[in-house]
Each structure stands twice: as C-alpha cells, then as structure tokens.
Amino acid sequence: MSDSPAILEARDVSRSFGPVEVLHGVEIALRAGEVHALIGENGAGKSTVMKILSGYLEPTTGELLLDGKPVRFSSSEEAEDKGVILIHQEFNLAEQLTVEENIFLGRELKRGIFLDKKRMQTEASRLLSALETRVSPNARVSDISVSDKQMVEIAKALSRNARVLIMDEPTAVLTNREAEVLFRQIERLKASGTAILYTSHKLDEVARIADRVTVFRDGARVAAVKAGEMNEDQMAQAMVGRELSNLFPAKSPMADRKTVLAVRDFDVENIVADASFDLRRGEILGFAGLVGAGRTELMEGLIGVRAARGAVEIDGKKVAISNVKDARRLGLVYLTEDRKGRGLVLTQGMRENLTLLALDRFGRYALDAKAEDAALTKAISEFDVRAPTRDVRVGNLSGGNQQKLLLAKTMLAEPDIVIIDEPTRGIDIGTKQQIYEFIHKLAASGKSVIVISSEMAEIIGLSHRVVVMRSGRITGILQGDDINEDQIVRYAMGLEGRAAA
Ligand SMILES: Nc1ncnc2c1ncn2[C@@H]1O[C@H](COP(=O)(O)OP(=O)(O)OP(=O)(O)O)[C@@H](O)[C@H]1O
Ligand SMILES: [Mg+2]
C-alpha cells in the first residue's frame, strides 16, 4: 500500500478534563481511500480523539492538520463544513423528531425559502434503502430500535458527503447482517477516496476491514501498523498490555436443579407468543436469536414493563408482576441493553446512579451519603470501573465504563435472578473476560442468570442451556453438545424446531 498524503492529521495532541490529562501527545493520520482502525481498552481515549478530530472538542495542546495545513475547528459544524463527519458512539439523534427530520437536521433541503419536503422524503428513502433498513422516514426516532437508530446515524452521515468519516463503534448495536451492509458502504466510500477512521471492540472486524491499525493504551499511542502486520491476538495484547488467556471460565456444574423461575404460555403484547421455559438455581441460561426475535420484549414482559399474559412462578409460587418494583421485590432484575436510553442518568454522578435502584437500602428520605460512598468504592473495585475522578458525570465516562457501572448498579439490589441484555456490548476484550468471570461467579454462588446476546461465542461460552427464539416464539432449548453455532443458527433461522413446522 502506498502512503497517500493525509487528509486529516492529529499531531502531538493532548487533552485534559479539569486537572486530569486523558490523552497524552497522540498522533494519527487519516488518508484518502483508507480505513484506519483505532483500538484500545474502555477509557483509552478513542472517543476523545475522534471528537477532537471532528470539532466536538478542542485539543488542550497539539494541533490538527487538514490537507497538510494547520486547522482549528471551533465547532463540529465548522468541521462538517470542511467535510469531517463523526458518527457518535452513543447516539446523537433528536428523539422527538422523525427519522427524516434527523437526517436533514440543520441542513434542510429548500426550494427558495420553503422546505423541500418532497426531495427530503425521496432522499431519506434512498439513503435508508441503500442501507437495506426497513425503518420509515416518518417514524419517530424515540419509537425505533437501537439498531435502527444506528442505521439512521449512518444514513445521516452518508447524506453529508464526507471527505473524512469517523465512526465510533458503529457496529456495537448492529446485527451481523446490518454490519455487512455497513461494510459494503465502507468499501464504496473507500473506493471513492473517503478517509475513514473506525473504532470497534470486535477485533475480527478490525482485522477484516482495516488498512491500518492504531492502538491506544491509557491515552497514549502504543502501536501503529499496516493491516496484516498484527493479528487479532496481537491486537488484544497490545490493547491490554498483558497476555490474555482463556476468555471464558470453565462452566461450573449447576448448584442444584431446583427451578427458581418457571414461565408458561407467556404472551407479550402481540410480539411474543406461547413462551415457556424454566430457569434453575445456579444456572446461566442463554437466549439466542436474531435481533427482532422477541428476546428483549419477552424479558420486558416478565418484569412488567410490557403488557403480558401467562403464568409465572418464582420458587414454586405463582406471582403477578405488573411493574419493575414488583419484579425487584421478588428478586428479579433486568439489565437493559439500552444503557443510555433507560439504564443510566447521564447528567448525574456515579454515586447517584449507583444507588438509584437500591434507594430503600440507603434510606428513602435521607440518603446516607457515607453508605452510598462505600457502595461506590466497592463498585469501582469490584467492577474495575475506570473513571477520571469519583465525581465525574456518568455521561462523561467512556462507553464501556458506563456498562460496568450499570452492572454494579444492578447487583446492588441483590437480586436472585438477573437478566442481562447484551452484557458486553461495546466492552473491550480484557474487560469482557472480567465480566464473564463475574457472571460465572454469580451463578456459582447460587444466583440464576439469563443472558441475552447476539454474540454467538458468548452464548456458547457461558450458557448451561440455550433458549433459541425466532419471530416471537421459542423454537428450541439446547443443552450439552447441542450448544454449538450450527444448531443455534438452525433454530434461529427456523430450519429446526417449532417454527419449521
Ligand atoms: N467530558 C469529560 N469529562 C471528564 N472526563 C472525560 C470526559 N470525556 C471523557 N472523559 C474521560 O476520558 C477518558 C477517555 O474516554 P474515552 O471516551 O475517549 O474512551 P474510549 O477509548 O472511547 O472508551 P470506550 O471503549 O469505553 O468507548 C475516560 O477516562 C473518560 O472517563
Ligand atoms: Mg468510546
């Protein structure tokens, strides 16, 4: 690969927040027609440098060069005008507006002084269909799924004809099929000379699409290589600075075979029908299926946030759960896949977020600040939450550290049954290992865990048994040697099981 000149370059860039320096003199050069991957642990500074390159943040020291000339972006609009576009890690959409309004927000198409509604409709439809999504331009963003939101973010960025397109973990919330569509778009952009900067915790993806890889550790660049000079294992090692042994702990035998949760003929709205399954003490029960199979909706029905019908027993007793509080009282908690939308209050600190669920334990009227503080100390060490300071607003934590905090928050309620939806979305490989170990220990200590995951390796590596869903129905429950990719896919695609009939 010949080195084409850089379109956009960061030279010796540092950035501090208050007294804390989080980026230390980093360098990165983005070249025309190249996919440059930036990898590193949660909190390594990937999003920060991306925001600096795209005008959302200013460097504290160091400089940016655009086409070889020093440049200062005083806002993201200014960067956009020069063709530098960022697709944010956590969405940056206006929830109350429609898909189409979001795509054209701030640069509405006009005819004379009037909005050109028709052209915007046509253009939005064209972009969305190029991305093979079925989301309607008229849908309100608050009503669409997380993966559709990501596709809208991508459509919005594509509509802006970027010279430099910066994507911060675009595939974290996408299905494999959606990711494939995105990769085709990336190939197309690359061929047309766009410079692409890309982050992902999915190293197989990086190995596949990147022409060049830069590795950050603790805010500094520790490696910069051309594709092919580093394999996935080497990438992981460069990121975490240590050798990574087995990702999954050995499956422990179940504590006993006692059923703690029995669900029968369970319907949720008109999405899930006839779901029946048991969860045992000490068990990790995986839920596999394609996105849209109804796994999240089933769990939301169980904890009472969606209308549901059917029988639920906990420890052999019939229970009625009509809201999250009921569920929690019965020892059942659900950890959402949508950490920004529903899991955390981003404008508040870690302490406030942590104790939100367990308020009863910290005194309902007068919050016991000391106990809260102790809970935070414990959470930080137990879950290895890496925060620049203890009073950082949660919105300023790196994505992966938000997820760890959410996990800590869920556990503070001391549940017997934990449902975790996509536990490692956006989580670096070293932290993944810690989270798997944590889930493993939780089950080994006699709790019961349901794990919904789109990552096949995770489902297979963790679960004692695997429930597979398709189109709102449970098509199969696998155990032992049947827990393999081939079987899971067959049931998920409807080639096997009920849906095949
Ligand atoms: N506005 C802010 N105020 C204070 N600290 C911040 C702010 N933004 C980011 N940080 C801190 O800077 C560090 C780098 O964060 P950054 O979001 O760049 O990490 P990342 O590499 O993108 O991680 P992840 O993989 O989890 O997304 C973290 O310690 C983060 O908490
Ligand atoms: Mg990030």
Side-chain angles (χ1 to χ4, degrees), residues 10 13-26 28 36-60 62 76 86-92 150 153 166-173 197-203 205-206 213-223 235-236 238-241 339-340 343-344 346-351 353 376 379-380 383-408 422-435:
V13 161
S14 298
R15 169 74 206 202
S16 302
F17 294 105
V20 186
E21 188 178 278
V22 302
L23 275 185
H24 322 294
V26 299
I28 196 162
H36 194 136
L38 176 59
I39 59 173
E41 288 185 292
N42 298 130
K46 304 179 297 296
S47 296
T48 303
V49 84
M50 289 179 140
K51 285 179 193 158
I52 289 172
L53 287 165
S54 56
Y56 286 84
L57 283 177
E58 285 199 74
T60 308
S76 59
L86 171 68
I87 301 180
H88 286 263
Q89 174 172 17
E90 306 290 347
F91 309 120
N92 205 26
Q150 183 66 71
E153 279 280 11
I166 302 177
M167 303 188 216
D168 197 350
E169 292 189 46
T171 59
V173 299
L197 180 61
Y198 186 95
T199 56
S200 176
H201 288 293
K202 300 177 183 172
L203 299 179
E205 228 170 46
V206 171
V213 180
T214 291
V215 187
F216 277 11
R217 194 191 313 148
D218 297 330
R221 188 176 78 169
V222 293
M235 286 183 209
M239 281 171 59
V240 301
R339 62 176 170 248
K340 189 182 184 189
L344 294 169
L346 298 183
T347 53
Q348 298 237 339
M350 294 196 287
R351 223 174 52 181
N353 266 282
L376 178 58
I380 287 176
F383 292 87
D384 195 20
V385 178
R386 297 193 196 168
T389 58
R390 278 173 77 95
D391 49 13
V392 63
R393 282 203 282 158
V394 164
N396 292 335
L397 282 179
S398 79
N401 282 297
Q402 290 182 9
Q403 177 72 350
K404 292 194 233 172
L405 189 71
L406 195 53
L407 208 56
E422 302 290 357
T424 64
R425 176 178 284 171
I427 300 277
D428 71 62
I429 188 156
T431 308
K432 260 186 182 172
Q433 192 181 32
Q434 294 173 334
I435 288 182

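Each ligand, and each atom within it, is numbered from 1 in the order the structure gives.
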E205 and T171 side chains, donor-acceptor separation under 3.5 Å = yes

Donor on one side chain, acceptor on other, S398 and N42, under 3.5 Å | no

From the list T199, V213, T214, I166, side-chain contact (heavy atoms from CB on, under 4.5 Å) partner of H36 resolves to T214

Sole candidate of M167, E169, M50 that passes side-chain contact (heavy atoms from CB on, under 4.5 Å) when paired with I87 | M167

Is there a nitrogen or oxygen of [X] sitting under 3.5 Å from a nitrogen or oxygen of ligand 1?
X: A44; result: yes
X: P388; result: no
X: N401; result: no

Counting heavy atoms only, which part of V22 comes closer than 4.0 Å to ligand 1: side chain, backbone, both or neither?
-> side chain

Under 4.0 Å, heavy atoms only, figure out whether ligand 1 is touched by the backbone of R393, its side chain, both or neither.
-> neither

Does a side-chain heavy-atom distance below 4.5 Å link [X] with [Y]?
X: Q348; Y: V394; value: no
X: H201; Y: T424; value: no
X: F216; Y: V26; value: yes

Residue-ligand contact A387/ligand 1, heavy atom below 4.0 Å | no

At a 4.0 Å cut-off, with the gap strictly under it, does some heavy atom of E41 reach an atom of ligand 1?
-> yes

Note the single closest protein heavy atom to [atom], along with its residue, its atom name and the distance in Å.
atom: atom 23 (O) of ligand 1; answer: G43 N, 2.7 Å
atom: atom 24 (P) of ligand 1; answer: N42 ND2, 3.5 Å
atom: atom 27 (O) of ligand 1; answer: Q89 NE2, 2.9 Å

Hey, which atoms in ligand 1 end up nearer than 4.0 Å to a heavy atom of [X]?
X: E169; answer: 25 (O), 27 (O)
X: T48; answer: 14 (C), 15 (O), 16 (P), 18 (O)
X: G400; answer: 26 (O)

To which of H201, R217, K46 does the heavy atom nearest atom 20 (P) of ligand 1 belong?
-> K46

N396, L397, L23: member with heavy atom nearest to atom 9 (C) of ligand 1 = N396

Would you find a donor on one side and an acceptor on the other, under 3.5 Å apart, between the side chain of S76 and the backbone of G55?
-> no

Would you say T199 reaches the Mg ion (ligand 2) with an N/O/S atom under 2.8 Å?
-> no

Salt bridge (Lys or Arg N to Asp or Glu O under 4.0 Å) partner of E41, chosen from R386, K46, R217 | R386

Result for side chain to side chain donor-acceptor pair (under 3.5 Å) between D168 and one of S47, S200, S54 points to S47

